[in-house]
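Order of the sequence lines fixes the chain letters, A, B, ..., with proteins taken first and strands second; residue numbering starts at 1 for each chain.
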Number of protein chains: 2
Amino acid sequence: MSFDEQILSDRKKLILKAIIEAHIKLGEPVGSKYLTQEMDIAYSSATIRNEMAELEELGYLEKPHTSAGRIPSELGYRFYVDSLVSQYDTKTKEAGELKKLLSFKMSEIDKILDNATKVASAMTNYTALSLRPRPSSITIKKYETVYIDSRSYLIIMIPQGVEAVKTKRVNLSFEITPEDVSALSKVLNLNLSGVNVDGINIHLMMSMNAQLKELIGSDDQIAEELVSSTVKSIYETMNELGSEIKFEGVNRLLEYPEYKNLDKLQKMISTIENKEDIIRAVSTIDQSDDDTKIFIGSENMVKIMDDSTLIYKNLKLNGKTIGAIGIIGPCRMDYSKVLSTIDQLSEEISKLSDLNALPSAKNEESDE
Amino acid sequence: MSFDEQILSDRKKLILKAIIEAHIKLGEPVGSKYLTQEMDIAYSSATIRNEMAELEELGYLEKPHTSAGRIPSELGYRFYVDSLVSQYDTKTKEAGELKKLLSFKMSEIDKILDNATKVASAMTNYTALSLRPRPSSITIKKYETVYIDSRSYLIIMIPQGVEAVKTKRVNLSFEITPEDVSALSKVLNLNLSGVNVDGINIHLMMSMNAQLKELIGSDDQIAEELVSSTVKSIYETMNELGSEIKFEGVNRLLEYPEYKNLDKLQKMISTIENKEDIIRAVSTIDQSDDDTKIFIGSENMVKIMDDSTLIYKNLKLNGKTIGAIGIIGPCRMDYSKVLSTIDQLSEEISKLSDLNALPSAKNEESDE
DNA sequence: TTTTAGCACTCTTTTTTGCCAAGTGCTAAA
DNA sequence: TTTAGCACTTGGCAAAAAAGAGTGCTAAAA
């Protein structure tokens, strides 16, 4: 390496470094003109071309073809890594965060879901997902309402600790006034800010009814229905916000020709990575529903997921729904196999209850 | 559904089912000719075409374009799932296996490695991997040797419990005879079958030397060197076989234009999924080496991984190497960032030792 | 009445062709 | 030693042409 350093003039090093860094940034061959214009190298393109020709001869650069710019060769990268790369700083402010992330512990249920997802993906050879609802971890800090028209309004919810602001349009079967809506906002903030999903009960709702009636002076009917349809939306939102979704085997998508089209693949993957859409799609399913659900193509699903099928089932442990597991793949998936896998998995999981799952006894860790 | 069933003649159902199943298998539009020839439908293609036209009118089939075959519509899939799909059997012989997989527990070290891999991938936006050596879990059931020429022979190792058979060619700096090699085989089976990596010690090797000398009657030198080079290969193989490798963030590859070429992407992903090649590439690295290793392009690496760089570092916990962590990405990766991430991670992990990692009070499985 | 063979037609896919832009290497001048 | 200028090469792209696949329809056969 020090041998290399002696051989290369400072100008060659400068140019080589510039080329490598430009190429790292752009991912494309770098031409002489680009270096003078964008990388502020104070030589003419001709001079740079000469230097580049020599660097190529020395093995540090390559040409994909005659009329392309240069790209670094492996030797070029090696030289860059060994002597040109700017010293990086080991200490960042995230170091503390890092420690937390590293020693992150999962709950027993999360582990079961994780394992189930992995197994499901491995057995079916499609992408698997698991949903873990945790709505009680979510509270709404502040509510706003916006009157849209006499039969609909918008709730804006600002959750505690989460960045996202959630809005939901509520359509009614009866007529309301802007005053009703602003009264509703007062009642919501008074009663539901800082309350989690478990805190919403009949008692609270009745009290909200009374307050709202007092504020708008209207009849029982309207106040009651306004409160109940609003609370329903809030409930749904908390469910959405409090859900965690995990995917396993995303790369298996690649095997199917429907995703050979890079556009579709990208779309699918970004849908998956966004998570939000999928959470919305699956978290509306009744949690106490025991059937296996099949969403084919656009049926009820997120628009982007046309051409894909989602098969989905709630998982029970000790009689309680702990989450759900699903398989995503092309519409033309092997339904028979997927259905049987999901059924088997959910059955085996429900059997886990008595054994080592929740009670967890004393010696937690026993290496398989 | 039962409505649908009444409307469709048996022949239509037969054809619809055949089309859907053919499409599920092939992923391409299905033409009338294919059905007669490959799916054994006993009508002429013209008849089938007529039926297909009607099925299309009813909404069960679609044409991507005039001159393509038919594909099932969403309604078609729905009908298939609801009434045509063959009953799947919930009980398979794997049910027992399943239970094991589901309640699979990870050791503390595995968790740390897992978390580290996730964090590394998230921070760098490349694919991360972790290697967990566990050679002591491996034993060789049976050894065979094959004489190649006077300076090399082949060891064939049949491991316990693993399907793979491993072969390794051993090159020597001295001359041997076929008889030497067959004697070696006897000694190996006598002393090393069922022994794991921890069981190989000086004492055992000396005893093997003595036995071999007795069998071939040659001088000290040859017996000793033959045993030592053989044991070295066996040692390496056990290391390879006993290593587990995990990947995280494979889909991040998609973001980089070098993998926009689906061929390259496929190659890369299948390399990753094969695992073997990568294990071989990284498990030869000296385990006690503390430096960050950088493999650029074809340097020392698996052939298929041209155009990609692997950055790799051993992780220590309580002064002991517990595994390794790495990043895979295009050659033009952001070296500075990756290097700093890996260094930070390894540093944080080594700091974990005093805290919650190993001591973990009573309930720890003693990990290796 | 139902089924089948045959053929014209449509639309996609693949191949071919020609052109343009990008970037180089070289020569001659500064 | 550096720079300007120009001929040359080559990949990428778009339009045009050719090839292939499968349909729908008509008319004959069962």
- Message: Expressed as a whole number of angstroms, how long is the span from B:Glu54:CD to C:dT2:P?
- Response: 11 Å
- In whole angstroms, the gap separating P of C:dT24 from CD1 of A:Ile71 amounts to 13 Å
- Query: Can you find an N or O donor on one side and an acceptor on the other, under 3.5 Å apart, linking the side chain of A:Ser67 with the base of D:dT10?
  - Reply: yes
- Whole-Å distance between D:dT23 C1' and B:Ile19 CD1? 13 Å
- Query: When you measure from the side chain of A:Ser130 to the backbone N and O of A:Ala324, does any donor-acceptor pair fall under 3.5 Å?
  - Reply: no
- Message: Can you measure B:Lys63 atom NZ to C:dC9 atom C1' for me and round it to whole angstrom units?
- Response: 12 Å
- Task: Check whether any side-chain nitrogen or oxygen of B:Thr47 sits under 4.0 Å from OP1 or OP2 of C:dT4, and answer yes or no.
- Result: yes
- Does some side-chain heavy atom of A:His65 sit less than 4.5 Å from a side-chain heavy atom of A:Ser67? yes
- What's the closest nucleotide to the A:Arg49 side chain, out of D:dG5, C:dT4, D:dG24? D:dG5
- Query: Which of these nucleotides, D:dT2, D:dT23, C:dT10, is closest to any side-chain atom of A:Arg11?
  - Reply: D:dT2
- Message: Between C1' on C:dT2 and CD1 on B:Ile48, what's the gap in Å once rounded to a whole number?
- Response: 15 Å
- Message: If you count heavy atoms of other groups shown closer than 6.0 angstrom to NZ of A:Lys33, is the number above 12?
- Response: no
- Stems for DNA chain C (at least 3 consecutive Watson-Crick or G-U pairs, under 3.5 Å) come to C:1-30 with D:1-30
- Task: Among the candidates D:dT23, D:dA4, C:dG25, find the nucleotide nearest to the side-chain atoms of B:Met52.
- Result: D:dT23
- Query: What about B:Arg70, does its side chain sit under 3.5 Å from the base of D:dG24 through a donor-acceptor pair?
  - Reply: no
- Min side-chain heavy-atom separation B:Phe79-B:Leu84 under 4.5 Å: yes
- Message: Looking at D:dT3, I'd like to know if its phosphate oxygens (OP1 or OP2) sit under 4.0 Å from a side-chain N or O belonging to A:Ser44.
- Response: yes
- Task: Report the nucleotide, chosen from C:dT24, D:dT3, D:dG24, that has the shortest atom-to-atom distance to any side-chain atom of A:Tyr43.
- Result: D:dT3
- Message: If I take atom CD in residue B:Glu56 and atom P in nucleotide D:dG22, what distance separates them, rounded to the nearest angstrom?
- Response: 15 Å
- Assign each of B:Asn50 and B:Gly69 to its nearest nucleotide of DNA chain D by heavy atoms, then name whichever residue's nucleotide is nearer the 5' end. B:Gly69
- Item | First encountered from the 5' end of DNA chain C, between B:Ala46 and B:Pro64 | B:Ala46
- Task: Return the value, rounded to whole Å, for the distance between atom CG of A:Leu26 and atom P of C:dA22.
- Result: 15 Å
- Please walk me through it: do A:Lys12 and A:Tyr60 pass side-chain contact (heavy atoms from CB on, under 4.5 Å)? CA-CA 10 Å; A:Lys12 281 206 178 56; A:Tyr60 296 101; over 6 Å; no
- So, is B:Thr66 near the phosphate of C:dT10, with a side-chain N or O under 4.0 Å from OP1 or OP2? no
- Message: B:Tyr256: which residues meet the ring-ring contact (aromatic ring centres under 6.0 Å, His included) condition with it, sequence neighbours left out?
- Response: B:Tyr126
- Rounded to whole angstrom units, what separation is found between the NZ atom of B:Lys12 and the C1' atom of C:dT3? 14 Å
- Query: How would you label the contact of A:Lys33 with the nucleic acid (heavy atoms, under 4.0 Å): base, sugar-phosphate, or nothing?
  - Reply: nothing
- Message: Under 4.0 Å, counting only non-hydrogen atoms across every strand here, what does B:Ser32 touch: a base, just sugar-phosphate, or nothing?
- Response: sugar-phosphate
- Item | Min side-chain heavy-atom separation A:Leu26-B:Arg332 under 4.5 Å | no
- Message: So does B:Thr117 get a backbone contact from the side chain of B:Ser121, meaning a donor-acceptor N/O pair under 3.5 Å?
- Response: no
